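Comments concern the structure below.
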Amino acid sequence: MIRITDILDRISACEPEADLDLVERAYIYSARIHEGQVRLSGEPYLSHPLEVAGLLTELKLGPTSVAAGLLHDTLEDTKATMEDLTGLFGETVAHIVEGVTKLSRLAFRSSEARQAESIRKMILAMADDIRVILIKLCDRLHNMRTLQFQNEKKQIRIAQETLDIYAPLAGRLGIHWIKTELEDIAFMYLFPHEYREIANQVAKRKQEQQEQIDSIKKIIETNMADANLPCKAEGRYKHFYGIYQKMMKQGVDFEEVYDILAFRIILDTVPQCYQAVGIIHSIWKPIAKRFKDFISMPKPNMYQSLHTTVIGPLGERVEIQIRTKRMDRVARHGIAAHWQYKEKTGFDEKTGAAFAWLRKLVEEQKNLKDPDEFMESVRMELFPDEVYLFTPRGDVLTLPKAATPVDFAYAIHSEVGNQCTGAKVDGRMVPLKYELKTGQRVEIITSPHHQPSKDWLNFVKTARARSRVRQHIKAEERKWSLVLGREMCDKVLRKYNASLNKYLKSHDMEKAAHDLGYKTADDLIAGVGYGKVTPLQVARHLLPKSELKNEKETVVSRLKQRIRGRKAKSSILVKGLDDVLVRFGKCCSPLPGDPVVGYITRGQGVTVHLTRCPHALSMDPERRIELQWAPETEEVYPVRIHVLCHDRMGLLANITAAISEGEANILDASVSTRADKRAECFFTISVSGADHLENVIKSVKKIRHVIKVSRLSA
């Protein structure tokens, strides 16, 4: 465990005039308030905030950040309050700690909602003060380093969340060393078999590769010295998850991944970097289309470097990055390298520009109340690969890889996106779902009477475009639901010699809306049109009781009236009832134990989707209802799995035996062998739920030569 004296020494080394008293007081307070608390490892809880503070000093952060790091769990895990922290350590430290704190004390409808709100709060807070996310990343890194003490289910959940959110976020902020370590640890828990195979292969080749690294370094340094370009050359292996991604993307084995070695050449000036590229290309043959200039066109996280891939001395592919010392510092520590804490000056103009994506993300998420939609948008914004595109005026726009002209249109302005009817790329007309590539010039064609199409949700890649299209669809749905709701309410009221117009602007209507859980009368009428409230319920709140029939009608009973020949019992409960027509979405095939959500479909009951299903995310949240799995069901459900493996004699028999031993019935199977001597197996099996499926997948993963087993959505 790191000691407080080590932390203080590191701060003093970077900032001799630092306020060490603030850090010491934070340490004493944290030790006192966490006293008696123990981590799952058996260590005193204080070890965690100390390690987080130590990681913050590795990012060269100042005393305010380190003090907040020492206190980051006090609001969540102790009796400390915001008032306590503000009084003892000042508003800045208290504000940062509050931003880091997860919302564990609040009640949400699901764990997904809890996670979404925690991420939302963190993003809003980091937009105000970036130190929030820097502390959160260090917190997550230490938790990942000690993940072995959690149970297996939590290990997988935390590792997946890390791979989905925190590692890409570290990449977005340019903190490469945190990103790679988070990815490798998450990889180890999510794909243990593949991790071990790659680790063993790297270990076997390490001595041979080290000799190769030393040889290439010597060649580089000698040639640079001859050209009067003193430099520092570094060689390294690509991290395990990066190698695995290459294997999956290229469909090759470890032995066929040639560019697992990467070199950095660090020089003094930018002109020297371009000169060095020429020297490298004169020594070794460059590979076409593998040169990237991130100096003249930096990444959004301010990363700058020249990238090239060449054929090395032994005929292997070698990736080389060339940059200045300042660029190298930014590449290692990202945005943390620019934050001037001791002067409290905030961002300069360049650094502020690097946060345009974050400000845009915050702006886009303000109106996204649905947690699933919010998390999807965040993941889209954290997409690691970008393309650089030009407007007709020559301005540069950065969009996610595979972005379309619709994404480009919305990046210019919401109205341009809404009115987009076509696009020209480099002067040639292209479809709206065309995937744009770096360097292309894009011109958007608009029409003032055009409106967004729901089909756009199938191909747009940016959160902004998706959000704007959904907003338009929701607005149109609301208009339609208001018209329908008025007609339905008026029809019921006329049976009692009344009319809706009589009540629309009355106090009775406002009271009825409030009693039924709506803010305004229009919201209530729209709720009727959506199918979430019945017109008879509205009538009951408006008319005298003596005029109403004594009958009971709810959303569920209304659906039941439209159902013919429903099943005797369903495995899904709707608001505690199990007698409503339920259909399972074929797009995602939900299983008992999966997080699910229901959508009211007019005349067809409730359709059940996984909460992460893209089709569910594209639907109107106003039609969403709460669902839960029935506690006891004997039903089995079909689900498709994909098994990728090295082809060998008897492998199919081993896989089918493992499935049968897992008490799952095989309904359908297809096997094909690829040119790279790998076999792809697709099985449709029947299981009782998500846990049953997980056990079957684990059994299949244990088979020798099986590379990957995954569940298919459809």
Side-chain angles (χ1 to χ4, degrees), residues 1-11 22-59 61 63 65-85 88-89 93-94 96-108 111 114-115 118-119 121-122 131-162 165-166 178 181-182 184-186 188-190 192:
M1 182 172 75
I2 192 170
R3 297 175 302 177
I4 186 63
T5 51
D6 299 326
I7 292 171
L8 295 172
D9 289 345
R10 290 182 187 178
I11 297 173
L22 177 67
V23 179
E24 289 176 329
R25 286 189 291 112
Y27 167 71
I28 293 168
Y29 183 82
S30 183
R32 179 171 61 81
I33 206 159
H34 285 299
E35 187 177 4
Q37 295 181 345
V38 179
R39 301 200 88 211
L40 291 176
S41 62
E43 293 180 297
Y45 195 89
L46 182 63
S47 64
H48 174 62
L50 273 171
E51 292 293 344
V52 170
L55 289 169
L56 291 167
T57 61
E58 289 185 38
L59 287 172
L61 299 184
S65 298
V66 176
L70 287 166
L71 300 166
H72 78 275
D73 273 338
T74 54
L75 290 180
E76 180 181 348
D77 296 329
T78 74
K79 294 180 180 179
T81 65
M82 271 292 287
E83 290 74 18
D84 295 337
L85 297 186
L88 291 168
F89 307 103
V93 171
I96 296 171
V97 173
E98 186 192 25
V100 178
T101 302
K102 294 189 293 290
L103 305 185
S104 58
R105 294 178 181 172
L106 300 184
F108 296 104
S111 59
R114 182 187 302 280
Q115 182 202 43
S118 185
I119 298 292
K121 183 179 182 184
M122 183 179 67
R131 289 171 286 192
V132 168
I133 193 56
L134 297 179
I135 294 171
K136 189 66 180 176
L137 287 173
C138 292
D139 172 51
R140 178 52 61 114
L141 180 56
H142 184 247
N143 283 334
M144 289 297 288
R145 287 176 176 178
T146 55
L147 196 57
Q148 70 269 26
F149 299 106
Q150 297 283 359
N151 62 55
E152 185 179 3
K153 192 171 183 179
K154 271 196 172 182
Q155 287 174 349
I156 292 172
R157 179 183 63 78
I158 293 170
Q160 190 63 61
E161 182 184 76
T162 299
I165 301 293
Y166 290 96
I178 289 183
E181 187 172 349
L182 288 175
D184 278 352
I185 299 174
M188 179 173 65
Y189 286 99
L190 292 173

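Model, not experiment: these values are computed from the prediction.
- Under the 3.5 Å distance criterion, with hydrogens and angles disregarded, a donor-acceptor pair is assigned to the side chains of Asn143 and Arg39.
- A salt bridge (Lys or Arg N to Asp or Glu O under 4.0 Å) check over residues 141-153, counting only residues at least two apart or in different chains, returns the pairs Arg145-Glu181, Glu152-Lys698.
- Note that CD1 of Ile11 is 11.0 Å distant from CG of Asp6, once rounded to the nearest 0.5 Å.
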Between side-chain atoms of residues 27-35 and protein atoms elsewhere (two or more places apart, or another chain), which donor-acceptor pairs fall under 3.5 Å?
unit_1 : atom_1 : unit_2 : atom_2 : d
Ser30  : OG     : Leu70  : O      : 2.9
His34  : ND1    : Gln37  : OE1    : 2.7

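- Heavy atoms only, all atoms of each residue included: Leu182 and Leu137 are closest at CD1-CD2, 4.5 Å.
- With values rounded to the nearest 0.5 angstrom, Leu88 atom CG is found 6.5 Å from Asp84 atom CG.
- For Thr57, the side chain to side chain donor-acceptor pair (under 3.5 Å) partners are Arg10, not counting sequence neighbours.
- Ala159 and Ala186 get closest at one heavy-atom pair: O-CB, 3.5 Å.
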Requested in this report: May I have the step-by-step check of side chain to side chain contact (heavy atoms under 4.5 Å, CB included) for Asp139 and Leu55, ending in yes or no?
Outcome: CA-CA 9 Å; Asp139 172 51; Leu55 289 169; over 6 Å; no
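- In this structure, the side chains of Leu85 and Val93 stay at 4.5 Å or more apart for every pair of heavy atoms.
- Annotation: side chain of Ser65 is not in contact with side chain of Leu59 (no heavy-atom distance under 4.5 Å).
- The nearest pair of heavy atoms linking Glu43 to Val38 is O-CG1, 3.3 Å.
- Remark: side-chain polar atoms of Gln155 are paired, donor with acceptor, to backbone N or O of Leu147 under 3.5 angstrom.
- Between Val23 and Ile4, some side-chain heavy-atom pair lies under the 4.5 Å cut-off.
- Considering only heavy atoms from C-beta on, Arg140 comes within 4.5 Å of Ile158 through its side chain.
- Residues Leu22 and Pro63 approach most closely at CD2-O, 4.0 Å, considering heavy atoms.
- The side chain to side chain donor-acceptor pair (under 3.5 Å) check on Tyr189 picks up nothing, with sequence neighbours excluded.
- Atom CG of Leu56 sits about 9.0 Å away from atom NE2 of His72, to the nearest 0.5 Å.
- We find the CG-CZ distance between Asp9 and Arg3 to be 8.5 Å, quoted to the nearest 0.5 Å.
- A 4.5 Å side-chain heavy-atom check between Val97 and Phe89 finds every atom pair outside the cut-off.
- If you take OG1 on Thr5 and CD on Glu24, they are separated by 10.0 Å, rounding to the nearest 0.5 Å.
- In plain terms, the two heavy atoms of Ile96 and Ile135 that are nearest each other are CG2-CD1, 3.4 Å.
- In this structure, Thr78 OG1 and Glu76 CD are separated by 10.0 Å, a value rounded to the nearest 0.5 Å.
- At least one side-chain heavy atom of Val52 sits under 4.5 Å from a side-chain heavy atom of His48.
- Under the side-chain contact (heavy atoms from CB on, under 4.5 Å) criterion, Glu51 pairs with Met1, Ile2, His142, sequence neighbours left out.
- Residues passing the salt bridge (charged side-chain N to carboxylate O under 4.0 Å, His left out) test with Glu83, sequence neighbours excluded: none.
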